[in-house]
J.: 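Mind looking over this structure? Questions follow.
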Amino acid sequence: MENHPPFLDDGRERHPENLSTHDMERLVSEAFAIAANLNSAADDDEYRAAMREGLHAFDMLRERYGLT
């Protein structure tokens, strides 16, 4: 893992092995934020809303970084 954006070459930047340190920090940070939102939900409706938002965030990150 290197701490700079990968060279853009035939979609190579969209593979997990090419993620930079910054990318990994962002993924971990997002995961902790989503877990905190789920943990702080007061009732079932808030929990479901937090779950939907979390899944949407992970879908966007998965698409952006090419994670499987």
J.: With a 4.5 Å cut-off on side-chain heavy atoms, are Met24 and Val28 touching?
T.: no

J.: Does Leu19 reach the side chain of Leu27, with side-chain heavy atoms less than 4.5 Å apart?
T.: yes

J.: Do the non-hydrogen side-chain atoms of Leu61 and Arg26 ever get within less than 4.5 Å of each other?
T.: yes

J.: Does one hydrophobic cluster hold both Ile34 and Met60, with members joined at side-chain heavy-atom distances below 4.5 Å?
T.: no

J.: If you compare all heavy atoms of Arg48 against all heavy atoms of Asp45, which two are closest, and at what distance to 0.1 Å?
T.: NH2-OD1, 2.9 Å

J.: Between atom CZ of Arg64 and atom CG of Asp23, what is the distance when rounded to the nearest 0.5 Å?
T.: 7.0 Å

J.: Side chain of Ser29, backbone of Glu25: donor and acceptor closer than 3.5 Å?
T.: no

J.: Find the distance between OG (Ser20) and OH (Tyr65) and round it off to the nearest 0.5 Å.
T.: 7.0 Å

J.: Can you give me the closest heavy-atom contact between Ala57 and Glu30, atom names plus distance?
T.: CB-OE1, 4.3 Å

J.: Determine whether Met51 and Phe58 fall in the same hydrophobic cluster, where Ile, Leu, Val, Met, Phe, Trp and Tyr are linked whenever their side-chain heavy atoms lie under 4.5 Å apart.
T.: yes

